[in-house]
Amino acid sequence: MTDRYSRQQLFKQIGLKGQEKIRNKHVLIVGVGALGSAGAEAFVRAGIGKLTVIDRDYVEWSNLQRQQLYNENDAEAQTPKAVAAEKHLRQINSEVEIKALVMDASPHNLESLLSDVDVMIDGTDNFDIRFILNDLSHKYNIPWIYGSCVGSYGATYTVIPGRTPCLHCILKKVSTGGATCDTAGIISPAVQIVSAYQVAEALKILVDDFATLRTTFLTFDVWSNHYYSIKLEKIKKDGCPTCGATRTYPYLSYQNQIKTEVLCGRNTVQIRPPRNKEYSFDQIKKLLKMHGTVTSNPYLLSCQLENYRLVMFRDGRVFIHGTNNIQFAKSLYYRLLG
């Protein structure tokens, strides 16, 4: 396997020295859906030393159209995305150290993983987690790369603590749109373009080529052939609570962390208990069998009701499929699980 990275090493901006740097670096990807799975595969093929992937969800049939790491067997078994990603990534490159975690991305969960992380990649589908990444980035001085896509539209931006405006600064000036995959759908080319920009920027960071990083907020519409590169240097604010002179990191505080939320494009509500707790699936099965058909795998338990479906993970998180009404989902949760 001595020539495994030969073509990448021939690229003079990486070379042998850059490849050695990549081999000794650690990338954290939060969310291994469309963007995250594309990025994870690219980093593993590039020879990253260590890759940590985090995801709270499992593979469904609708994912297969654009989430390139997964196959029909994963959807059939409802395999957690982190577990399926780890399996397929190891088959691509056995040299890479891969850590896969089935969990929600919370400040507590993420902070415990950051001691040796060199760059964080945004593979999420909501701004609550992105604001957490933004705060953690500046608290621990770790670059992170924002990415989003919906329909044929995509956007990406590289955040370097101490050098660039942060997500708080940007959202006061740049519209990110209100569409979701649920309302506008999504095509895979938009995903691939955003991921390509994210990975390219990350590789620059990993080989310490900070001078060539893109400093603009990039947006495009691959279907209507629009492309915009927005300069942001002047929008950095001294009063920003994340990157300003007096930092409070507001999204790391408990009161700003969402306990229930509607999942993007899923007609699903996630309910997260106040603290992670391992549940006995055997006991939960007995309880739920009185209400519907129950199936399970080593990672999750699913109960099909007449009009709704409840999915519980080992850490106690529950998806209520079939509704976007948080109050109704909570009432169903308490009625079934107490």
Side-chain angles (χ1 to χ4, degrees), residues 30-34 54-63 67 75 77-82 101-110 123-132 148 150 178-186 251 253-297 299-338:
V30 182
V32 278
I54 298 171
D55 198 281
R56 64 186 177 184
D57 208 349
Y58 57 90
V59 181
E60 296 189 286
W61 290 97
S62 62
N63 301 150
Q67 298 184 19
Q78 294 184 320
T79 305
K81 291 180 182 178
L101 300 167
V102 183
M103 68 181 193
D104 210 15
S106 68
H108 173 73
N109 289 340
L110 291 171
T124 71
D125 58 10
N126 69 85
F127 277 94
D128 298 292
I129 299 176
R130 288 172 180 141
F131 278 122
I132 291 172
S148 66
V150 63
T180 68
C181 300
D182 192 29
T183 59
I186 187 167
Y251 277 82
S253 62
Y254 182 79
Q255 59 266 29
N256 286 333
Q257 298 171 33
I258 287 185
K259 314 306 183 297
T260 59
E261 61 182 303
V262 178
L263 302 188
C264 173
R266 298 288 299 281
N267 193 31
T268 298
V269 173
Q270 174 182 254
I271 298 175
R272 174 159 44 96
R275 59 189 61 85
N276 288 352
K277 177 182 176 182
E278 287 279 338
Y279 284 83
S280 168
F281 274 13
D282 289 337
Q283 293 179 3
I284 300 295
K285 279 182 184 179
K286 293 176 182 178
L287 183 65
L288 292 178
K289 280 182 177 178
M290 297 185 291
H291 304 283
T293 303
V294 178
T295 58
S296 65
N297 62 36
Y299 312 99
L300 58 84
L301 180 151
S302 177
C303 178
Q304 182 64 55
L305 308 172
E306 184 176 357
N307 296 311
Y308 306 95
R309 181 160 55 94
L310 179 150
V311 176
M312 172 178 273
F313 294 83
R314 286 285 184 186
D315 60 6
R317 289 180 301 112
V318 172
F319 289 174
I320 307 292
H321 293 287
T323 181
N324 284 333
N325 186 311
I326 288 176
Q327 293 306 314
F328 173 79
K330 288 173 70 175
S331 68
L332 185 62
Y333 172 90
Y334 287 120
R335 178 161 61 87
L336 296 178
L337 297 172

| query | So do Met312 and Leu300 actually touch side chain to side chain, heavy atoms under 4.5 Å? | reply |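 No, their side chains stay 4.5 Å or more apart.
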| query | Can you tell if the side chain of Asp57 reaches within under 4.5 Å of the side chain of Phe319, non-hydrogen atoms only? | reply | yes
Could you measure the distance from the [atom1] atom of [X] to the [atom2] atom of [Y]? Nearest 0.5 Å is fine.
{"X": "Glu306", "Y": "His291", "atom1": "CD", "atom2": "NE2", "answer": "14.0 Å"}
{"X": "Tyr333", "Y": "Ile320", "atom1": "OH", "atom2": "CD1", "answer": "8.5 Å"}
{"X": "Cys303", "Y": "Leu337", "atom1": "SG", "atom2": "CG", "answer": "9.0 Å"}
{"X": "Leu110", "Y": "Ile54", "atom1": "CG", "atom2": "CD1", "answer": "5.0 Å"}
{"X": "Arg272", "Y": "Met103", "atom1": "CZ", "atom2": "CE", "answer": "11.0 Å"}
{"X": "Ile284", "Y": "Ser296", "atom1": "CD1", "atom2": "OG", "answer": "12.0 Å"}

| query | When you look at His321 and Glu60, which way does the side-chain contact (heavy atoms from CB on, under 4.5 Å) test go after all the steps? | reply | CA-CA 12 Å; His321 293 287; Glu60 296 189 286; 4.3 Å; yes
| said: Do Arg56 and Phe313 form a cation-pi contact, if we require the NZ or CZ to be under 6.0 Å from the six-membered ring centre and within 45 degrees of the ring's axis? | reply: no
If we ignore hydrogens and angles and just use 3.5 Å, is the side chain of [X] paired with the main-chain N or O of [Y] as donor and acceptor?
{"X": "Asn126", "Y": "Ile129", "result": "yes"}
{"X": "Asp55", "Y": "Gly31", "result": "no"}
{"X": "Asp104", "Y": "Ser106", "result": "no"}
{"X": "Arg317", "Y": "Ile271", "result": "no"}

| field | Least distance between heavy atoms, Ile132 atom then Pro107 atom | value | CD1-CD, 3.7 Å
| query | Yes or no on side-chain contact (heavy atoms from CB on, under 4.5 Å) for Val102 and Asp315, after CA distance, side-chain angles and deciding distance? | reply | CA-CA 9 Å; Val102 183; Asp315 60 6; over 6 Å; no
| request: Go through the steps to decide whether Gln270 and Val318 satisfy the test side-chain contact (heavy atoms from CB on, under 4.5 Å), and finish with yes or no. | output: CA-CA 6 Å; Gln270 174 182 254; Val318 172; over 6 Å; no
| Any residue meeting side-chain contact (heavy atoms from CB on, under 4.5 Å) with Phe328, in chain and number order, not counting sequence neighbours |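 Scan of Phe328 (side-chain contact (heavy atoms from CB on, under 4.5 Å), adjacent residues dropped) gives Tyr308, Thr323, Asn325, Ser331, Leu332.
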| request: Please identify each residue that fulfils side-chain contact (heavy atoms from CB on, under 4.5 Å) with Ser302, with sequence neighbours left out. | output: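 Checked Ser302 against side-chain contact (heavy atoms from CB on, under 4.5 Å); matches are Gln78, Thr295, Arg309, Val311.
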